[in-house]
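Here's the structure, in structure tokens; my notes come after.
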Amino acid sequence: MASITDYVKEGLKYPFNDIKKILSLGVLFTIINFLALAILEKNINIVRIFSSANGNTLALKSSQIPPIDVCTVAGLAIISFIILLIINGYQYSVIKYAVDKKTDLPEFSDILNLLLNGLKYFLVSLIYNIIPIIVLIAGFELQSIQNGDYIISVISILLFIICNFLLIMALANMVDSNKFKKAFDLKEIIGKISDLGWMKYIGILLFTFIIYSIIMLALGIVLMPFTAFIAIATNQAVMLIAILSIIEGLFINSYISIFFNRVFGSVYTEAVK
Amino acid sequence: MITTGDTMILDIYKDSLEYAAKDWKSLIKLGAFFLFSFLIIPAFLAVGYNYRVINIAVNGVLNGKDPLPEFDDFIGMFIDGVKVVLVQIAYLIVPVIIFLIFVAISIYANSVLSAAIILIGCLISIIIGIIAFLMEQIGICHMIYNGGSLSKAFAISEIKEAIEEIGWFNCIITYVGLIIITAVIASVTSMIIGLIFTAFGVSGFLLGVNTAGIFILGFMINSLVTLFIIGPYLSIFNFRSSGLLYSMQI
């Protein structure tokens with residue numbers, strides 16, 4: 001291809017090859033959004049009971065929370081985690097298809113395989129993000145001791161950016177070789193980025209991010225009057241959030257996640273070419 | 001005596017004026033993008049359409065037989081539009097930053113000195129702005145000519161070479177001419193429509209009719225014509241001229 005941005009173009013077009021698959025993934029995203037809403041609602045309930053409970057020790061206060069609420073939250077969290085794994089597994093297959101240069105979208109048929117791949121995808125993302133998260137938390141802790149010291153927060157943001165830059169290549173590297181270990185072979189990953197060229201790599205990710213921001217901004221402007229209409233029509237915050245999360249999950253989240261992973265896979269293909 | 005450079009520029013204008021008037025349907029479609037540009041994505045689509053106009057111009061010849069680009073593959077059009085806008089922002093930010101640096105320096109100087117510094121800063125940033133504008137226009141053409149590779153838009157030495165081959169003076173003259181032609185066409189058309197409706201309104205007033213409606217109608221028709229016909233026409237004209245100017249290098 002003449003230009004590296006053509007991969008972004010291709011990635012934007014790619015989800016339209018099979019609208020049904022986007023919607024199937026969208027259903028999963030919608031369920032996750034609803035579960036998150038339910039967990040939030042239960043959590044508010046728990047916090048309310050917790051704060052109004054008698055007693056001054058933590059154990060005494062927690063003992064007054066109705067166990068059924070805690071069980072519901074835990075159950076919902078587990079279900080949404082499993083669905084998240086399926087989504088991650090699907091993203092794994094999207095990268096796989098991009099690396100194999102297939103133009104159709106992956107199937108949903110093999111749920112067990114999706115779960116397994118999803119676990120790999122999730123673990124790699126988690127491990128790459130764990131260092132910045134620790135630094136961030138440490139920064140918050142330090143700030144509470146001596147205020148006004150924001151340097152650690154800035155460092156953690158930088159770490160987030162660097163780690164996620166590497167993570168994109170690491171995921172594709174793992175998917176291509178189908179070995180979990182390959183995701184942490186930093187030497188190979190950095191070598192592949194160097195093959196592509198750091199400027200090119202950063203440029204294409206930045207470009208993808210700019211395109212994403214523009215799309216999100218435009219969607220926000222389109223959805224604004226719509227949101228206002230629902231708000232006036234239903235007059236209920238929960239209803240509003242529910243309708244918006246259906247729209248968001250069904251069309252936007254699924255499309256964007258397929259788009260991103262397709263581009264990530266394509267970048268890898270360009271690097272190893 | 002007319003030099004070759006002058007005829008070249010006139011030929012560019014003539015070709016572009018004819019080219020932009022080739023298909024009124026395309027003008028209306030481009031006008032629809034302009035109308036909905038507050039939704040952001042259509043604005044980028046309009047720029048993407050102009051990307052294609054340049055693409056045809058830089059690969060075409062000065063004969064007026066090139067077709068207008070198609071309205072298809074909207075995602076590609078969108079991406080191309082974003083690329084052009086990015087290049088424009090990147091180039092035009094340079095004079096702004098230079099001007100801001102001068103402003104920042106002048107804050108620390110006393111009043112007379114700071115006025116002088118601001119004045120010098122204005123002059124320098126205007127000169128740099130003109131250079132950046134030229135580099136940006138030719139850079140966009142250079143990028144499109146090389147298959148849309150963003151790095152080519154910032155290949156300063158190649159762009160400088162291209163401008164030198166066309167001639168700095170020719171480039172500046174062409175763009176000055178473009179600005180004048182654009183302003184003249186825009187103001188003359190709106191003036192003609194305004195005059196027609198004023199004539200209607202005045203004659204209606206002399207006949208003793210309430211003429212407020214005619215003025216409002218005139219205003220609306222004026223904006224519609226500007227939005228759907230003159231605006232798209234001028235934008236295609238400008239970008240076509242830019243592309244042809246790029247293809248003038250030997």
Side-chain angles (χ1 to χ4, degrees), chain A residues 1-19 22 103 105 196-229 251-252 255-256 258-260 262-263 266-267 270-271 273, chain B residues 32-49 51-52 54-56 58-59 69-93 139-158:
Chain A
M1 282 190 216
S3 166
I4 195 93
T5 50
D6 285 352
Y7 284 115
V8 181
K9 208 183 278 184
E10 201 263 330
L12 272 179
K13 282 178 202 164
Y14 172 71
F16 287 116
N17 288 347
D18 198 341
I19 305 276
I22 313 181
T103 50
L105 271 79
L196 184 69
W198 281 91
M199 280 305 286
K200 230 175 177 180
Y201 184 64
I202 294 172
I204 188 168
L205 293 183
L206 205 61
F207 188 71
T208 313
F209 183 71
I210 290 171
I211 294 286
Y212 166 76
S213 320
I214 292 171
I215 292 175
M216 279 298 150
L217 188 62
L219 279 175
I221 289 174
V222 173
L223 281 180
M224 207 158 52
F226 186 70
T227 313
F229 172 74
F251 304 108
I252 302 170
Y255 179 80
I256 293 292
I258 295 178
F259 158 59
F260 270 167
R262 177 74 181 180
V263 173
S266 303
V267 174
E270 175 76 15
K273 197 170 68 182
Chain B
F33 286 155
F34 284 161
L35 178 64
F36 290 106
S37 56
F38 65 92
L39 293 177
I40 295 174
I41 287 183
F44 286 106
L45 286 176
V47 182
Y49 187 75
Y51 178 102
R52 292 184 184 179
I54 295 182
N55 194 11
I56 288 177
V58 292
N59 293 310
E70 296 285 326
F71 279 92
D72 56 0
D73 181 19
F74 287 111
I75 291 174
M77 219 189 225
F78 170 62
I79 299 276
D80 292 339
V82 174
K83 268 158 51 176
V84 171
V85 172
L86 280 182
V87 174
Q88 283 174 339
I89 291 174
Y91 271 106
L92 295 184
I93 218 165
I140 288 172
C141 296
H142 193 62
M143 168 182 85
I144 295 171
Y145 185 69
N146 286 297
S149 165
L150 257 180
S151 56
K152 285 282 177 192
F154 302 105
I156 303 287
S157 57
E158 286 176 32

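We name chains A, B, ... by the order of the sequence lines, and we start the count at 1 in each one.
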key: Tyr255(A) and Phe259(A) aromatic ring geometry - parallel, tilted or perpendicular at 30°/60° bounds   =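 Correct class here is parallel.
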
query = Between Tyr201(A) (side chain) and Val267(A) (backbone), is there a donor-acceptor pair under 3.5 Å?
reply =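 Pair absent, no side-chain N/O of Tyr201(A) close to backbone of Val267(A).
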
message = Check whether Asp73(B) reaches the backbone of Gly76(B) with its side chain - one donor and one acceptor, N or O, closer than 3.5 Å.
response =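 Pair found, side chain donor or acceptor close to backbone of Gly76(B).
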
message = Under 4.5 Å from any heavy atom of chain B, what part of Leu219(A) do you find: side chain, backbone, both or neither?
response =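 Neither part, no heavy atoms under 4.5 Å.
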
inquiry  = Which atoms of Phe78(B) are under 4.5 Å from chain A, going by heavy atoms: the side chain, the backbone, both sets, or neither?
reply    =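 For Phe78(B), the contact with chain A is made by the side chain alone.
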
Selection from Leu150(B), Ile79(B), Leu39(B), Leu86(B) maximising heavy-atom pairs under 4.5 Å formed with chain A =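 Option with the top pair count is Ile79(B).
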
inquiry  = Please tell me whether Tyr212(A) and Phe260(A) form a close aromatic pair, meaning their ring centres lie under 6.0 Å apart.
reply    =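 They qualify: ring centres under 6.0 Å apart.
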
